[in-house]
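The next block holds one structure in the form of structure tokens; read it before the comments.
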Amino acid sequence: MEELGIQLFIILTSGLSILLIAWALFVKFRENNFESDFPKQFLTNSVPNLRASLLIILSLLIVITLTTIFKNRSINELFTNENLLLIVPIVLSFIIVYFVEPLSRK
Amino acid sequence: MIATSTNLVPMALTITLIVFYLISLGVIDKFFRYSRSENNRTLYKSYTITNILKISINKTSLFSLIISLLRFNSILYLMISILLGNLFGSDIKIYEIIFILTYLLLSEFLVFLKTKKKSEINEVSMFIMIMILTLVCIGVTKESLNIGISTKVEWLGVNVFLSGWEIFNIPFLLIPIIYILVFSYTRLLESYRQINIKTADRLFDFLSEGFLYIYLVTLFIKTVFGGLEDLSLTGYDFVLPYFKIINLTIKFLIISIVVRLLIRFMPTQNNKKRSKNINLTVALLLVINMCFVLYVRNLH
């Protein structure tokens with residue numbers, strides 16, 4: 001698939017997404033307007049068991065993904081774009097569930 | 001392969017195809033809409049382009065935006081890889097059950113992180129369960145983890161038209177497949193309506209749902225609806241990528257129209273006891289059907 005330019009495409013779309021997030025942050029900081037972020041409520045807030053099980057599942061997922069990716073691979077192949085498309089969302093969801101949710105409850 | 005000589009031609013063709021499919025989904029929805037009442041019309045009347053221009057970053061929650069963008073990127077990769085693999089390449093990795101399920105589970109998990117109602121959680125978990133079961137059923141009947149391999153229909157001759165359509169071996173699989181496609185199309189229409197809220201994450205949600213629907217249709221065309229080479233248009237078979245594109249487009253449009261009509265004519269009332277009985281019967285018939293196919297295959 002590499003010869004069909006898919007890697008370039010992934011880099012392009014991910015780069016644009018990061019730029020968009022950075023721009024959103026910039027706009028929010030400039031106007032000092034975080035109203036839409038604070039009242040954001042996740043459903044998992046109301047169900048503590050669900051949150052705990054989510055944390056367990058996510059940490060297991062991180063371990064499994066990392067071991068499957070490490071297996072039979074050299075370090076150069078570890079951070080290919082395809083792997084990053086899987087690792088980044090999983091790690092970020094873990095961060096959201098673990099750190100951000102308790103903040104949003106206040 | 002004429003078009004694979006440069007990198008840009010396949011990619012440009014695929015992106016054009018995706019835009020065409022998204023537009024055609026909108027057109028199909030416009031023609032086969034259920035209700036023409038005034039109330040419904042006002043919901044759809046707000047035009048997409050003006051709504052996109054009115055999107056406000058200040059109204060958008062950063063968490064939602066990040067989750068939507070992650071989902072958008074992974075589904076985009078999934079869809080582009082299956083379209084490129086189908087039309088121009090020969091990579092078998094994209095049909096591995098594990099590969100497909102990893103990305104689908106990830107995308108549904110990101111949807112789950114954004115849900116606010118318990119009914120939505122039930123829908124997401126139901127969708128994922130049926131998706132896993134359907135893929136496993138296809139894998140079992142094909143006796144392979146790679147569900148993209150072509151098999152022949154046991155009760156049709158080798159060179160007969162439609163002899164590569166796995167769905168004729170296991171007709172009961174049509175019910176979960178229809179459920180998956182109807183669910184995905186309904187969610188696409190719902191997310192289209194939610195662009196009205198004018199937050200950036202809703203726009204990316206809408207695009208992700210569209211890509212997911214296109215991906216699922218392409219996947220099912222490749223695995224159970226005969227692949228991309230069976231409709232023989234005489235005289236054009238030698239230009240392989242273009243022939244495949246025509247083939248895929250015809251099948252995609254037919255399936256989309258059928259799915260849209262099903263959404264229109266399906267009963268909206270849900271009787272839980274009755275649906276439980278139906279589900280059990282379908283599951284039982286599916287298992288019997290699969291055992292029969294496996295038995296016949298292993299006879300040869």
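Order of the sequence lines fixes the chain letters, A, B, ..., with proteins taken first and strands second; residue numbering starts at 1 for each chain.
- Between the CZ atom in B:F204 and the CG atom in A:L20 there is a gap of 5.0 Å [rounded to 0.5 Å].
- Remark: B:Y77 engages B:Y103 in a ring pair (Phe, Tyr, Trp, His ring centres under 6.0 Å) (not counting sequence neighbours).
- The residue among B:L65, B:L76, B:T14 with the most heavy atom pairs within less than 4.5 Å of chain A is B:L76.
- Contact between A:S14 and B:N73 at its shortest, heavy atoms only, is N-OD1, 3.7 Å.
- Pairing each heavy atom of B:L62 with each of A:A24, the nearest pair is CD2-CB, 3.9 Å.
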